[in-house]
Amino acid sequence: MADSSHRDPPGGEPGADFVRTAVRDDLASGRFDRVQTRWPPEPSGYPNIGHAKAALLNADVAGEFDGSCTLRFDDTNPERESVEYVEAFRDDMAWLGITWQQVRFASDYFGRLFEFAERLVQAGDAYVCSLTADQVREYRGAPTRPGRPSPDRDRSPDENLQLLRRMREGEFPDGSYTLRARIDMASPNLNLRDPVMYRIRHAEHHRTGGEWCIYPSYDWAHGQSDSIEGVTHSLCSLEFENNRPLYDWFLQHLESELQSRQIEFNHLYIAHATFGKRVVRALIEKGVVRGWDDPRLLTIRGLRRRGYTAAAIRGFVRSVGVTKTRVLIDPAQLEYYLREELNRTAQRRMAVLDPLRVVITNYPQGRTEQVTAENNPEDETAGSHELPFSGELYIEADDFMEDPPRKFFRLALGREVRLKHAYYITCDEVVKDTDGRVVELRCSYDPESRGGGTADGRKVKGTLHWVSAPHAVDAEVRLYDHLFSREDMVSLPEGTTAADYVNPDSETVLSTCKIEPALAGVADGTTYQFLRKGYFVADPDGSVDRPVFNRAVGLRDSWAKQQAAAPPG
RNA sequence: UGCCCGAUGGUGUAACGGUAGCACGACAGACUCUGGAUCUGUUUGUUAAGGUUCGAAUCCUUAUCGGGCAGCCA
C-alpha cells in the first residue's frame, strides 16, 4: 500500500467515493469476503500522472480494506511492448511511493489462458475463424445493423480444437486465423459480436521470447488473469464499460469459481496537457519536447525533472476524486499541492534571474562580509546558512523602476528598500548606456541596518533578493508554462493535431542568471525556493561550473497579477 | 440515427428524500524582513420540462447536451 498519510478528500467523508462504496457493499453482502485489486498497465510507453491515479486507487483501496494489490503488466501485444517500459513503470511507481504485494505479467498466464481457450472450444463457445481482418469488420455489421455469422461459426469443436492447436504450433501465417468467442452477432453491444480471443503474431515477446506465436486479446487475457490471481475488484477506466458484459461472459462460460467484479471510473485529464502515448511520441519526433522526461510533460519523469515531489503528486491525484464524470482539471489544482508542500519543506536561496548591477558607494572598497539567512521561515529546525555580501551586487532588473507607479514598493531613485537578510539601501543615481537603458544603480547603504532592521524602527516598503556580484555563480534558469495553449487537448477539432496548439512560451531559457554560492553544485534533485521567484530544481543538463535550474512552479505574485489586470499606461 | 454511460459555481468534488457544503481559482481586506506564507471576508451552482412526495440535486418520465463502442489496440 502507498503512503497512508494522505489527506482526506476535500469535502466528503474519506473513502466515500462510489468505488469504495461498492467494495464496502460487496463485503457487507457477502459477495466477497476479502479485497484484492490489481493495476494492469500496458508497458508501451512511460507512465504519466493519469497512471498514478489509477495505480494509487488500486493500491489505496486494497490497503483500506486490508486486501492486496498486484502490479500486473498487461503484456499481450509484443509488438508495442518492451522491458524498457516495464522498468519505467516499476521505477516510476516506486519513486511515487506506490508499492504492491506482488508483481505479475499477463504473459505468466499464457499457458493457462490457452487451456481455458481449449475448454471454450470444446464447449462450443469459441471457434477458429478464417475471415481476414477486413472481412471480420464487414461481418461485424454496424451499431444500427446486426452482423452476419462467420462461415466458420458452426465448425465442429473437434475441428476447431485441431485448428487452434495448429495455430499455436506456428503452422499458419500472421492474420490467417483467429480464435473467436461464439456469442451473438446481433448484439447491440459490438463487443459481443464474436470478439477475437487470439490472433497469430510471429513476434518475439519481451518475456516469453519465441515461445508463442499466438497472443491473447485484451478482453480474453484481462478477465482471466484477474480470475487466476483471485482479484475481487477489477477497477478500470470508463472506456471499458461496454466491455464489462464480455468480461462477465468469459467468467461465466469458464465457470470460474471467482466472478471478479469490474468497476469503471473516470480518467484523469488536466487542461493544457496531453496524455496520449502516441501524441508524446510525435512531439518528441518533431523536437517539440526533448524526451519522455521533458519538464513540460505530465509524465512521472517529466514532473520529477520539473521539480515535483512524489507526495505532491499523490496528494493531487487523491484529491481529484473518483467518479464517472468526464473531467478536465485545472492545472492550478496540481500546482497548489506542490506549493503547499514545498512552502513547508523547501529551503530558501537567493537567485537573480535578470541581473541589474548595483554598486554600494559608501561600502568599504574590497570588503566582504557574511550575513545569515534562515533556510526556511516555515520551519525553525531547518537552520540557516551564511552568504557573502559586498559592495557590488545584483538585483532583479524589474525590482527597479526609475519612474514608478504608486503601488510599486521596490527600488526607485531616492527610495530606500531592504536587501533581504542584509542592509537597507537607497538608490542615489541611475547609470544608463548610450541607448538610455539602465545598466547600473549607484546606491548607499545604512550600516546601522545590518540584518535587515534599524534601531529607529523605520519602515521600508520593499524587500529585495540579491546576490553579491564577485561571489555569484553563473547559471541558466528555465521557466515553464503549459505545453499547449489550448485548454482541452483531449478532444481536438477535426483536422488538427496536438502540435498545432503548442504554446511558444512553454519554455523560456534565461542564460545570464546569478545565483548565490550555496546553490552551486546542488545537482541532487532537491527543490529550493528562490526567494520571491518560485520553486526550482537543478536539472541534469547543468554542470558544477554552470548549473541549470528548472522552475517547478512560481510563487503567487500579486504584483504581477495587478500588472496583468491593469497594464501601465 | 442502435446500445452503454454521464450532467451540482470558473474548475474539481460532497450532500444515498429533509439547511446545497468543501477544496482550488478569482476578488477584497488584514498582516508581513519573500507583493511568498498566514488570517478574514465576498461572489458565482443542482441542464430543462413534467411527475411522485408534506418535502427532490437525490426517485420516475421525456427532452437537451456531452462521452464511449463498428482494432486481429488496450
Side-chain angles (χ1 to χ4, degrees), chain A residues 7-13 16-17 21 40-42 44 74 76-77 79-80 129 131-133 136-138 140-147 174-175 177-180 187-193 195-201 214-215 217-219 221-222 236-245 264 266 271 319-337 339-340 343-344 348 350 374 377-378 407-410 418-422 424 451-453 459-465 490-491 529-534 554-562 565:
Chain A
R7 54 183 47 225
D8 295 333
E13 287 299 304
D17 62 67
T21 302
E42 186 195 19
S44 60
D74 216 323
T76 57
N77 188 348
E79 283 156 321
R80 343 196 292 181
C129 177
L131 254 27
T132 64
V136 167
R137 186 179 319 122
E138 186 199 324
R140 184 158 28 228
T144 53
R145 191 180 72 242
D174 286 5
Y177 287 103
T178 54
L179 182 72
R180 294 225 258 161
S187 172
N189 183 341
L190 285 314
N191 290 119
L192 263 19
R193 316 249 264 224
V196 169
M197 295 167 60
Y198 276 106
R199 69 278 212 200
I200 301 175
R201 279 286 131 70
I214 60 173
Y215 290 96
S217 63
Y218 164 85
D219 287 302
H222 186 78
C236 64
S237 50
L238 251 26
E239 68 262 38
F240 295 107
E241 276 175 323
N242 293 330
N243 298 55
R244 178 157 26 96
E264 311 86 12
N266 63 349
S319 79
V320 299
V322 179
T323 65
K324 295 184 73 119
T325 317
R326 295 266 161 185
V327 299
L328 190 62
I329 292 163
D330 186 341
Q333 215 145 149
L334 208 206
E335 294 175 350
Y336 166 79
Y337 280 88
R339 285 200 192 94
E340 198 269 331
N343 177 52
R344 285 184 285 110
R348 272 61 167 173
M350 293 204 281
E374 63 198 347
E378 304 291 320
K407 288 270 188 96
F408 187 82
F409 302 150
R410 309 174 187 182
R418 172 167 38 233
L419 295 179
K420 181 79 176 173
H421 306 306
Y424 291 180
K459 301 260 188 216
V460 290
K461 210 57 163 132
T463 300
L464 310 186
H465 62 280
V490 178
S491 53
Q529 185 192 109
F530 287 3
L531 235 55
R532 305 206 298 139
K533 284 295 168 188
L555 254 23
R556 265 199 210 84
D557 186 344
S558 45
W559 169 246
K561 207 175 280 177
Q562 269 182 48

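Within every chain, numbering begins at 1; the chains are lettered A, B, ... in the order of the sequence lines, protein sequences first and strands thereafter. Not measured: the values here are computed from a predicted model.
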Please report the distance, rounded to the nearest Å, between [atom1] in [X] and [atom2] in [N].
X	N	atom1	atom2	answer
A:Ile329	B:G10	CD1	C1'	14 Å
A:Asn242	B:G71	CG	P	14 Å
A:Tyr336	B:G12	OH	P	18 Å
A:Arg244	B:C3	CZ	C1'	13 Å
A:Lys420	B:G36	NZ	P	12 Å
A:Leu555	B:U38	CG	C1'	13 Å
A:Asn343	B:C24	CG	C1'	16 Å
A:Arg326	B:G6	CZ	P	12 Å

Closest-nucleotide 5' rank along RNA chain B - winner of A:Arg418 and A:Thr325: A:Thr325

Return whichever of A:Leu419 or A:Glu241 has its heavy-atom-nearest nucleotide of RNA chain B closer to the 5' end. A:Glu241

Crowded around A:Lys461 NZ? As in, over 12 foreign heavy atoms under 6.0 Å? no

Quick one: which of [options] gets closest to the side chain of [X]?
X	options	value
A:Gln333	B:A23, B:A7, B:G36	B:A23
A:Leu190	B:U13, B:G36, B:C69	B:C69
A:Leu531	B:U34, B:G35, B:G12	B:U34
A:Pro377	B:G36, B:G2, B:C16	B:G36
A:Thr323	B:A14, B:C24, B:G68	B:A14
A:Ser558	B:A14, B:A7, B:G35	B:G35

For [X] and [Y], indicate whether the former's side chain and the latter's backbone hold a donor-acceptor pair under 3.5 Å.
X	Y	answer
A:Arg80	A:Ser44	no
A:Ser187	A:Asn189	yes
A:Arg339	A:Gly554	yes
A:Arg201	A:Asp174	no

Looking at every heavy atom in both A:Tyr337 and A:Ser319, which two are closest together, and how far apart are they? OH-CB, 2.8 Å

Tell me whether the side-chain N or O atoms of [X] pair up with the base of [N] as donor and acceptor below 3.5 Å, since no angle test is needed here.
X	N	value
A:Glu264	B:G6	no
A:Asp330	B:G12	no
A:Gln529	B:U34	yes
A:Arg410	B:G35	yes

Counting any heavy atom closer than 4.0 Å, what does [X] reach on the DNA or RNA strands: base, sugar-phosphate only, or nothing?
X	value
A:Phe408	base
A:Lys407	base
A:His421	base
A:Arg180	nothing

Can you check nucleotides 72-74 of chain B for protein contacts, nitrogen or oxygen pairs under 3.5 Å, and list what you find?
unit_1 : atom_1 : unit_2   : atom_2 : d
B:C72  : OP1    : A:Arg140 : NH2    : 3.3
B:C72  : OP2    : A:Arg140 : NH1    : 3.2
B:C72  : O2'    : A:Arg201 : NH2    : 3.4
B:C72  : O2     : A:Arg201 : NH2    : 3.4
B:C72  : N4     : A:Leu131 : O      : 2.8
B:C72  : N4     : A:Ala133 : N      : 3.3
B:C72  : N4     : A:Gly175 : O      : 3.1
B:C73  : OP2    : A:Arg199 : NE     : 3.1
B:C73  : OP2    : A:Arg199 : NH2    : 3.0
B:C73  : OP2    : A:Arg201 : NH1    : 3.2
B:C73  : O3'    : A:Arg199 : NH2    : 3.3
B:C73  : O2'    : A:Asn77  : ND2    : 3.2
B:C73  : O2'    : A:Arg80  : NH1    : 3.3
B:C73  : O2'    : A:Arg80  : NH2    : 3.4
B:A74  : OP1    : A:Thr76  : OG1    : 2.6
B:A74  : OP1    : A:Arg199 : NH2    : 2.9
B:A74  : OP2    : A:Tyr218 : N      : 3.0

Could you measure between the two [atom1] atoms, the one in [N] and the one in [M], and give it in whole Å?
N	M	atom1	result
B:U62	B:U11	C1'	30 Å
B:G21	B:A57	C1'	13 Å
B:A56	B:G17	P	14 Å
B:U19	B:U61	P	25 Å
B:A74	B:G68	C1'	14 Å
B:A20	B:C60	P	23 Å
B:G12	B:A7	P	13 Å
B:G10	B:U47	P	12 Å

Taking side chain as C-beta onward, heavy atoms only, is [X] less than 4.5 Å from [Y]?
X	Y	result
A:Tyr177	A:Tyr198	no
A:Arg326	A:Leu238	yes
A:Arg199	A:Asn77	yes
A:Tyr218	A:Glu42	no
A:Leu131	A:Glu138	no

The test is side chain to side chain donor-acceptor pair (under 3.5 Å); show your working for A:Asn242 and A:Asn191 and say whether it passes. CA-CA 7 Å; A:Asn242 293 330; A:Asn191 290 119; 5.0 Å; no

Please lay out, stage by stage, how A:Arg180 and A:Val136 fare under the test side chain to side chain contact (heavy atoms under 4.5 Å, CB included). CA-CA 10 Å; A:Arg180 294 225 258 161; A:Val136 167; 4.2 Å; yes

Could you tell me whether A:Glu374 and A:Arg348 have a side-chain N and a carboxylate O separated by less than 4.0 Å? no

For residues A:Thr323 and A:Asn266, is any side-chain donor paired with an opposing acceptor at under 3.5 Å? yes

Can you tell me which stems involve RNA chain B, if a stem is defined as three or more consecutive Watson-Crick or G-U wobble pairs, both distances under 3.5 Å? B:2-7 with B:64-69, B:10-13 with B:21-24, B:26-30 with B:38-42, B:47-51 with B:59-63

Write down the protein N/O and nucleotide N/O pairs, taken from nucleotides 27-31 of chain B, whose separation is under 3.5 Å; answer none if there are no such pairs.
none

Think A:Asn266 has a side-chain N or O under 4.0 angstrom from the OP1 or OP2 of B:U13? yes

